[in-house]
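What follows is one structure encoded as structure tokens, with my remarks underneath.
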2 protein chains.
Amino acid sequence: MQNGDQKLPGQPERQASKAAEATYKLAEQIGYLLRQANQRHVAIFTSRMNEKLTTTQWAALVKLRDLQPCSQVNLGRETAMDVATIKGVVDRLAKRNLIRTAPDTTDARRLVLTLTEEGEAAVARNLPVAHDISEETLSTLSPAERAMLAELLRKIS
Amino acid sequence: MQNGDQKLPGQPERQASKAAEATYKLAEQIGYLLRQANQRHVAIFTSRMNEKLTTTQWAALVKLRDLQPCSQVNLGRETAMDVATIKGVVDRLAKRNLIRTAPDTTDARRLVLTLTEEGEAAVARNLPVAHDISEETLSTLSPAERAMLAELLRKIS
DNA sequence: CTTTCTTGTTTTGTGTACAAATGATTTCAG
DNA sequence: CTGAAATCATTTGTACACAAAACAAGAAAG
């Protein structure tokens, strides 16, 4: 019930506080803008990607095509996924026979991942779709704006 | 990148995908860039926000301060959260006594939300922190770049 | 007034996302 | 060679995120 917030009398207000309170608008915050933009992209992705693939599943498949054979943790690193997250993604893709998992013969810790035939086909089949999804997400921007957005996002990552 | 979309059934593989296959790099896709940038922001938020508040919980609290009294669904709309998502967020905030919920006397469907004293205090106390978090997220950008990024994100939302 | 439409809430189910802890294995330093 | 450190995988727990369905209550139309 109590807030440990009381200030000593006579002590000056926190300098940043007043200004921040006056200016802080949720809809202008970078976190909110990022979340909104991402939401729209995911919505486009979901409605366009015919097979039931999520953005992260697609990322894992595409990246694995380049890296295979590849350990689970390494695929996670390359797709910016936590170990627990990549495990779930891999498990679901393996259950759908898009990915094959096998123990590494030289390093017993590792789980070696490869695309199945079906997985390779799914990637090849959906590359044009994925391209169109990126295109639609950026459809309101000029080529120069697209390049600028990509650069700015990279700069804050 | 042109995929002249003639999808005749029985055609084995789309040949238009050749160009896309050659160009498609995961790390350059807008979805991946958005996800990465958002991840970094959330990491900054989590490490800086002393009280255990998430980005969405913070969004709900800040927005509710402006809108209260306000129905659950409306708060969800204003913070870009799904009905199921906002319910979870509100439930957790109510359990922590930051939000008060009460049935609407004039519309029995509605759940009226208000901030508790503690909730008001938490918002006031953390506004400077939230400001600093946005600042740190954008710290690698010039003022012009920040404005540009915000505008571009809004344009694709 | 009653049928229909709309709105607000809740629940279920699936899928990220990440912190933290555990255990197994490999590598490395002394 | 051996103990310490690093790496890989798994598990647990919490918290979004959203589709879809179910239900109650208000509003609109006839």
Side-chain angles (χ1 to χ4, degrees), chain A residues 31-32 34-47 49 51-61 69-96 98 101-113, chain B residues 31-32 34-47 49 51-61 69-96 98 101-113:
Chain A
Y32 191 72
L34 285 170
R35 184 162 147 269
Q36 287 253 85
N38 194 52
Q39 277 179 356
R40 172 150 176 282
H41 172 259
V42 170
I44 292 172
F45 189 100
T46 306
S47 69
M49 187 62 75
E51 341 210 355
K52 266 176 275 172
L53 287 175
T54 65
T55 54
T56 51
Q57 287 169 1
W58 174 248
L61 288 177
C70 167
S71 82
Q72 186 173 275
V73 160
N74 191 46
L75 183 59
R77 253 195 299 269
E78 295 289 327
T79 51
M81 292 183 216
D82 185 73
V83 287
T85 303
I86 190 65
K87 179 175 180 17
V89 173
V90 164
D91 282 355
R92 282 181 285 274
L93 291 174
K95 200 158 124 188
R96 288 170 63 178
L98 299 175
T101 70
D104 188 326
T105 49
T106 68
D107 187 338
R109 293 169 304 180
R110 287 203 174 112
L111 196 62
V112 176
L113 309 179
Chain B
Y32 191 71
L34 285 170
R35 184 163 147 270
Q36 286 252 83
N38 194 51
Q39 277 179 357
R40 172 149 177 283
H41 172 259
V42 171
I44 292 172
F45 189 100
T46 306
S47 70
M49 187 61 75
E51 341 210 356
K52 266 177 276 176
L53 287 175
T54 65
T55 54
T56 51
Q57 287 170 2
W58 174 249
L61 288 177
C70 166
S71 83
Q72 186 173 276
V73 159
N74 191 45
L75 183 60
R77 255 195 297 271
E78 295 289 327
T79 50
M81 292 183 214
D82 185 73
V83 286
T85 302
I86 191 66
K87 178 174 181 17
V89 173
V90 164
D91 282 356
R92 282 181 286 274
L93 291 174
K95 201 158 122 189
R96 287 170 63 177
L98 299 175
T101 71
D104 189 325
T105 49
T106 67
D107 187 339
R109 294 169 303 180
R110 289 204 173 110
L111 198 62
V112 176
L113 310 180

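All values below were derived from every heavy atom in this structure, side-chain atoms included, with hydrogens, water molecules and symmetry-related copies excluded. Letters go in sequence order (proteins before strands), and every chain restarts at 1.
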Q. Nearest to the side chain of R35(A) - dC18(C), dG15(C), dA17(D)?
A. dA17(D)

Q. How many Å lie between CG on N74(A) and C1' on dA9(D), as a whole number?
A. 14 Å

Q: Kindly give the heavy-atom pair with the smallest separation between K52(A) and R96(A), and that separation in Å.
A: O-NH1, 2.7 Å

(Q) Output the rounded distance in Å from NZ (K52(B)) to C1' (dA20(C)). (A) 13 Å

**Q.** Upstream residue (5' side of DNA chain D) when Q72(A) and T46(A) are each assigned their closest nucleotide
**A.** Q72(A)

Q) Please give, in whole Å, the distance from dC16(D) P to Q36(A) CD? A) 17 Å

Q. Given dC18(C), dT10(D), dC18(D), which nucleotide is nearest the side-chain atoms of A84(A)?
A. dC18(C)

Q. Hey, does the side chain of T54(B) come within less than 4.0 Å of dC16(D)'s phosphate (OP1/OP2), counting only N and O?
A. yes

Q) Quick one: is Q57(A) getting a side-chain N or O under 4.0 Å of the dT16(C) phosphate, OP1 or OP2? A) yes

Q | Nearest to side-chain heavy atoms of R92(B), which nucleotide of dC8(D), dC16(D), dA19(D) | A | dC16(D)

Q: Establish, with yes or no, whether the OP1 or OP2 oxygen of dA9(D) is under 4.0 angstrom from a side-chain nitrogen or oxygen of K87(A).
A: no

Q. Counting distance only, does the side-chain N/O of Q39(B) pair as donor-acceptor with the main-chain N or O of Q36(B) below 3.5 Å?
A. no

Q. Reckon S71(A) touches a base, only the sugar-phosphate, or nothing at all at heavy-atom distances under 4.0 Å?
A. sugar-phosphate

Q) Between R77(B) and T55(A), which has a closest nucleotide on DNA chain C that is more 5'? A) R77(B)

Q) Of the candidate nucleotides dG8(C), dA17(C), dT11(C), which contains the atom at the shortest distance from the side chain of T85(A)? A) dA17(C)

**Q.** Least distance between heavy atoms, T79(A) atom then L75(A) atom
**A.** OG1-O, 2.7 Å

(Q) Please report the distance, rounded to the nearest Å, between CG in L75(A) and P in dA9(D). (A) 10 Å

**Q.** Distance-minimising heavy-atom pair for P103(A) and L111(A)
**A.** N-CD1, 4.5 Å

Q | DNA chain C contacts among residues 102-112 of chain B, heavy-atom distance under 4.0 Å | A | R109(B), R110(B), L111(B)

(Q) Under a 3.5 Å distance rule, please check whether R35(B) uses its side chain to pair with a backbone N or O of A80(A) as donor and acceptor. (A) yes

**Q.** Where P69(A) and V112(A) come nearest, the two heavy atoms and their spacing
**A.** CB-CG1, 3.6 Å

Q: Remember a base hit wins even if backbone is also touched, and classify T56(B) as base, sugar-phosphate or nothing at under 4.0 Å, heavy atoms.
A: sugar-phosphate

Q | d(CE, M49(A); C1', dA19(D)) in whole Å | A | 18 Å

(Q) Whether the side chain of T46(A) engages the backbone of V42(A) through a donor-acceptor N/O pair (distance < 3.5 Å, no angle test) should be reported. (A) yes

Q | Upstream residue (5' side of DNA chain D) when M81(B) and V73(A) are each assigned their closest nucleotide | A | V73(A)

Q: Send over the distance from R40(A) CZ to dA17(D) P, rounded to a whole Å.
A: 18 Å

**Q.** Spacing of L53(B) atom CG and R92(B) atom CZ [to the nearest 0.5 Å]
**A.** 12.0 Å

(Q) Taking any heavy-atom pair under 4.0 Å as a contact, classify V42(A): base, sugar-phosphate, or nothing. (A) nothing

Q.
In whole Å, I'd like the distance from the CG atom of D82(B) to the P atom of dA21(D).
A. 14 Å

Q: Grab the CG-P distance between N38(B) and dA17(D) for me, whole Å please.
A: 8 Å

